Amino acid sequence: MENMANKVARIPNLVDWSTGEVRLMSAKCNSCGTYFFPKEHYQHRPGCSREGVEDVLLPQKGKLASYTIQYYPCPAPFKTEKKITPYGIGLVEFEDEKIQVTGIITETDLKSLKLGMEMETTILEMFTNEEKQQVVTWAFRAVK
Amino acid sequence: MRDVYIIGTGIHPWMGFSEKVFSDFAAVAVDGALKDANIEWKKIQAIMAGIFIYGGNAGHLSGQYLESIFGETGVPVVNVYNACATGSAAIRMAYNSVAAGETDTALAFGADVSPKGFLTAKSDNAVQDRDVIRWKMGGLPNPIYWALECRKRMEKYGTTEEDLALVKVLMSEYGSKNPDARFKKIYSLEEVLSSVYVCDPLRLYEICPVSTGAAAVIVTADKELISKAGKAVKINATTMGSAIYGDPTIRISALSCPAVAEAPMLSESYSASQQAYKKSGIGPEDIDVLELPDNSSWHYLVYLETCGFCKEGEADKMLRDGETRIGGKLAVNPSGGFSSHGEALSAQALWQVIECANQLRGRCGARQVEGAKIAMAQTYGLMGNSGTTILSV
Ligand SMILES: [Zn+2]
């Protein structure tokens, strides 16, 4: 994995690379079995006791459940130093966790996108902040 | 509960950005509704206002601002927000107040001025407001959510790019016949199919923009006022729905969705329409005119299924076979739909109800659905908001 030392997520508690792999920060309800992303996006089954919600990391890899190619820049407060348009957005399924998560598709030929293909979680550098850190968001790329 | 009737409706025609303030637009719509109902302002016993979210304090208290224009009378004024279903919430409260006998006559209205640039986050607290994450890190303008669902649909049911374009062709034909619509140009299939992609597979003409507009509806149970109005329209049901656990739809503003469906898609709209069918005793097969929220061509197709007008995956065939045309089995969006109007958030649900009322009153000229007796207005709303109104004459 590339050097992650000087990188910071634009908003905390969404993406983690402390294990050596880039993974999304989810939470699991041990009472109703539902996974949440972001972890504060509670989606309990009606009647659930809501007991035993624990932080978990989603697997690094998932399958492409849907995608689109966005041809216009996303308006502010979204910002990237480099022009990324047109960019792909994927909906990646983590099968065992029964959850699909959106993310920008990076380092992938957009023409090669196919539903069902294997994708992995990575980061996308957005811009450099005043502390000279690389500000990043989570992203997905095709598994080579 | 008493029978409740619509006796007056008013619209400020849909348009693009304006320097005028939202209350000016609201006043035009309310004035129109009072004249249509042939009643004085003092007859209004409750005001149910859709709020204008970009209007600051004034917009959030839109009912008070409106009341002071016509003259303050001390009646209850309630301001409500349910995203695109805001107008549905307003008319439902007006209906409930009158049906329960709390008041005899009530006003529901909404007015919206299109923001000058793009829609974007309204707060800066990412923990409290997921919308901040989708804008700051997700790169997710609204149409992307629709494109992600549309791609799934194409894969699952074989919906084609021609089907998506055909929706715009049909909507533009009807919009050209609606003086209150914003977009009146008629498009050919070739023109739509050669328009640029905004987010593949959705093209520029297959997505509705934001607009400025206002709409107002007066409801009553007062027999004298009903007899004085030109052809009053009965409200058979007006309901609100929210989402159901396990709905697989990726909702605007969310960053995730369930991978395994345990509830119908767009479950908030499924809930609202099912409640309306049950309350009214009217089913999809009885309905002559349907106004559905075609925010994109995908919406047009999926809403026919969500609301039970056909089975899952059959909407494309209904469209292709002409069953959804004026003169077909079910006239869908004779107004020209959102495609010809654009979204005016707090006003659009009421405008849909007004189109239905006008169809039942035989006032729609070149886009009139002949012999229409029962009509249904169905809304969409981000984060699990929806409303259904069923009307009859
Ligand atoms: Zn739970």
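Just the heavy atoms: all of them, side chains too, but no hydrogens, waters or symmetry mates, feed the values below. What you see is a predicted model; the values in this text were computed from it and never measured.
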In this structure, CG of B:Leu202 is separated from OH of A:Tyr71 (nearest 0.5 Å) by 12.0 Å
Discussion item. I'd like to know if the side chain of A:Thr68 reaches the main chain of B:Asp200, judged simply by a donor and an acceptor atom lying under 3.5 Å from each other, with no hydrogens or angles considered.
Written reply: yes
Residue from A:Tyr35, A:Phe37, A:Tyr67 scoring the most non-hydrogen pairs under 4.5 Å with chain B is A:Tyr67
Under 4.5 Å to a heavy atom of chain A? For B:Glu262 that would be side chain
Applying a strict 4.5 Å limit to non-hydrogen atoms, the region of A:Ile84 in contact with chain B is neither
Checked B:Val260, B:Val132, B:Val196, B:Val198 vs chain A; the most non-hydrogen pairs under 4.5 Å come from B:Val198
d(B:Arg151 CZ, A:Leu64 CG) to nearest 0.5 Å is 9.0 Å
Pair count under 4.5 Å, heavy atoms only, with chain B: among A:Val101, A:Leu91, A:Ile89, highest is A:Ile89
Mind checking whether A:Gln100 and B:Ile250 have side chains closer than 4.5 Å, heavy atoms only?
no
Ranked by heavy-atom pairs below 4.5 Å to chain B, first place among A:Pro12, A:Pro38, A:Ser26 goes to A:Pro38
Heaviest contributor of heavy-atom pairs below 4.5 Å to chain B, chosen from A:Lys79, A:Glu40, A:His44, is A:His44
Given side-chain hydrogen bond (donor to acceptor under 3.5 Å, both in side chains), test A:Thr34 with B:Tyr245 step by step and report yes or no.
CA-CA 10 Å; A:Thr34 315; B:Tyr245 176 88; 2.6 Å; yes
Exercise for the section: Could you check B:Ser256 against A:Phe36 for side-chain contact (heavy atoms from CB on, under 4.5 Å), going step by step and ending with a plain yes or no? Expected result: CA-CA 8 Å; B:Ser256 66; A:Phe36 314 134; over 6 Å; no
Honestly, the part of A:Val136 sitting under 4.5 Å from a heavy atom of chain B is backbone
* Asked: Do A:Arg10 side-chain atoms and B:Met137 backbone N/O form a donor-acceptor pair below 3.5 Å?
  -> no
Whatever's closer than 4.5 Å to a heavy atom in chain A on B:Leu140 counts as both
| said: Would you say B:Tyr145 and A:Thr102 are linked by a side-chain donor-acceptor pair, where the criterion is simply a distance under 3.5 Å? | reply: no
Highest number of heavy-atom pairs under 4.5 Å with chain A among B:Lys136, B:Glu149, B:Lys152 belongs to B:Lys136
Whatever's closer than 4.5 Å to a heavy atom in chain B on A:Leu115 counts as side chain
Shortest non-hydrogen pair, A:Phe78 vs B:Trp135, comes out as CB-O, 3.1 Å
>> Would you say NZ of A:Lys63 has more than 12 non-hydrogen atoms from neighbouring residues, nucleotides or ligands within 6.0 angstrom?
In response: no
Margin query: Measuring only between side-chain heavy atoms, which start at C-beta, is B:Pro258 closer than 4.5 Å to A:Ile99?
Written below: no
Using a 6.0 Å cut-off, check whether atom OH of B:Tyr270 has over 12 heavy atoms from anything other than its own residue.
no
Answer yes or no: does atom CD of A:Gln133 have more than 12 heavy-atom neighbours from other residues, nucleotides or ligands under 6.0 Å?
yes
Closest non-hydrogen atoms of B:Pro141 and A:Cys74, given as atom of the first, atom of the second and distance, are CD-SG, 3.8 Å
Between B:Tyr197 and A:Tyr72 the two heavy atoms that sit nearest each other are O-CE1, 3.7 Å
inquiry  = With a 6.0 Å cut-off (strictly less than), is the heavy-atom count around CD of A:Glu54, excluding the residue itself, greater than 12?
reply    = yes
Honestly, the part of A:Gln70 sitting under 4.5 Å from a heavy atom of chain B is both
message: Is it the case that over 12 heavy atoms from other parts of the model lie below 6.0 angstrom from the NZ atom of A:Lys132?
response: no
In this structure, CD1 of A:Ile11 is separated from CG of B:Asp124 (nearest 0.5 Å) by 8.0 Å
Most heavy-atom pairs under 4.5 Å with chain B, out of A:His41, A:Lys98, A:Glu93, belong to A:His41
The interface call for A:Tyr87 against chain B, heavy-atom contacts under 4.5 Å, is side chain
